[in-house]
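Because only heavy atoms are used, hydrogens play no part in the values below, and waters and symmetry mates are left out as well, while side chains stay in.
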Amino acid sequence: MLLSLVVHTYSLRYWFPAAVMLGTAPAYLLSWVAWRLLSCVLPCRFYHAIDDRIYSVYQSMVLFFFENYTGVEVVIYGDIPKKKENVVYLSNHQCTVDWIIADMLAIRQDALGHLRYVLKDGLRWLPLYGWYFSQHGGVYVKRSAKFDEKAMKNKLLSQTKIGTPMYLVIFPEGTRYNPDLRKVISDSQAFAKKEGLAVLKHVLTPRMKAAHIAIETMKGHLDAVYDVTVAYEGTVDARGQRGAAPSMPEFLCKECPRVHIYFERVDVKEVPQETVFFRRWLHERFEIKDRLLTSFYESEEPEKRNKFPGESRRSPLSIKKTLPSLLILGGLTLPMLLTESGRKLYINTWVYGTLAGWLWVNFRP
């Protein structure tokens, strides 16, 4: 009985925030649809300004759970600019929580609503959100020969022409680095050898296409590239071997005590535009990440493990930045669930909104 109670309590650590984050989706989407209809007669810049505000409400609610609720300690190395900028955000990729790390940095610049993502094509099938991410400026891409370069350029140009603020998140590795997936790592290292590039140990060989297209297409709109390296503390086992980064359920169950974020700003003027030189530049950035992560996980000096080189600071997130969003979305959702007509609208939004979104994002040119 006691064991069952412990297991049940543990699972609630994940299911409660997951239920709230998913459960508020219909209210959020209906709010967005209402604004979209009202803004039809207004210039695009007004629509995008309020769309960013609506988006920041949802994302700050997400951060309430991933920061305030979990109590995770965010440790930052490097100086994050206080002013908002148009940027491409490049990071190593280990788990689904990596998306939240971009939120953590953006909210500290008051740029949370400006987040857009380059996403794997399969994510377009996410209920409700697969369609909304595209509406908010996200770009879906396929791998290798199926990569549609023209579609990505057109999507980004349509955003920059109207001056949309851009905080574009890209994970150049293309897939997650997981120490348990040895074949993925060995294939990535074999590709590096074949191309005459340095072999990397703690990151995968970066693929340049999406990052190069983004920076080249938006070069007149961008201020900088944010080069971010992330490490999750508590992933090294008793033998000193690096393990898999925490999944979203594990993170929400408070299994990650600290997140270490190494931040470097690169002025966009310093990024080479020519394909050959850009490829070399991007790989060199990942060589730096590899050295940082090697030091983090494998330093022979115990006092240097579980930290990046250089000065760091703890960066707690004020609950004042996240709790209001939770109350707003909760206040919009609960009335829907308390009446029969509200519940009908709630279910129909999930069902028909998802179907309409799938049709739109998959068949609209």
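- Of the N and O atoms on the side chains of Glu298 and His202, at least one donor lies less than 3.5 Å from an acceptor on the other residue.
- A donor-acceptor contact closer than 3.5 angstrom links the side chains of Asp51 and Tyr132.
- Side-chain contact between Val88 and Met218: present, with at least one pair of heavy atoms (C-beta onward) separated by less than 4.5 Å.
- Between Lys84 and Asp223, none of the side-chain N atoms (NZ, or NE/NH1/NH2) sits under 4.0 Å from a carboxylate O, so this pair counts as no salt bridge.
- Counting heavy atoms from C-beta outward, Phe65 and Val20 have side chains that approach closer than 4.5 Å.
- Under the 30°/60° scheme for interplanar angles, the aromatic rings of Phe251 and Tyr232 are found to stand perpendicular.
- Between Leu317 and Arg108 there is a side-chain heavy-atom pair separated by less than 4.5 Å.
- Under the 30°/60° scheme for interplanar angles, the aromatic rings of Tyr69 and Phe16 are found to be tilted.
- Between the side chains of Gln59 and Asp103, at least one donor N or O lies within less than 3.5 Å of an accepting N or O.
- Note: Trp32 and Tyr47 have perpendicular aromatic rings, judged against thresholds of 30 and 60 degrees for the angle between ring planes.
- When the side chains of ILVMFWY residues are joined at heavy-atom separations under 4.5 Å, either directly or via intervening members, Phe296 and Leu292 end up in a single hydrophobic cluster.
- With a 4.5 Å cut-off on side-chain heavy atoms, Leu252 and Met21 count as touching.
- For the pair Ile185 and Tyr177, the minimum side-chain heavy-atom distance is below 4.5 Å.
- In this pair, Tyr167 and Tyr89 present their aromatic rings tilted. The plane angle is within the 30 to 60° band.
- Relative orientation of the Tyr58 and Tyr28 rings is tilted, given thresholds of 30° and 60° on the angle between their planes.
- Close placement of the Trp358 and Trp125 rings is indicated, their centers lying within 6.0 Å of each other.
- Side-chain contact between Asp227 and Lys289 is present, with heavy atoms from C-beta onward closer than 4.5 Å.
- If you run salt bridge (charged side-chain N to carboxylate O under 4.0 Å, His left out) between Glu73 and each of Lys254, Arg314, Arg313, only Arg314 comes through.
- For the pair Asp121 and Val141, the minimum side-chain heavy-atom distance is 4.5 Å or more.
- The pair Arg176-Asp98 fails the salt-bridge criterion, with no side-chain N (NZ, NE, NH1 or NH2) lying under 4.0 Å from an Asp/Glu carboxylate O.
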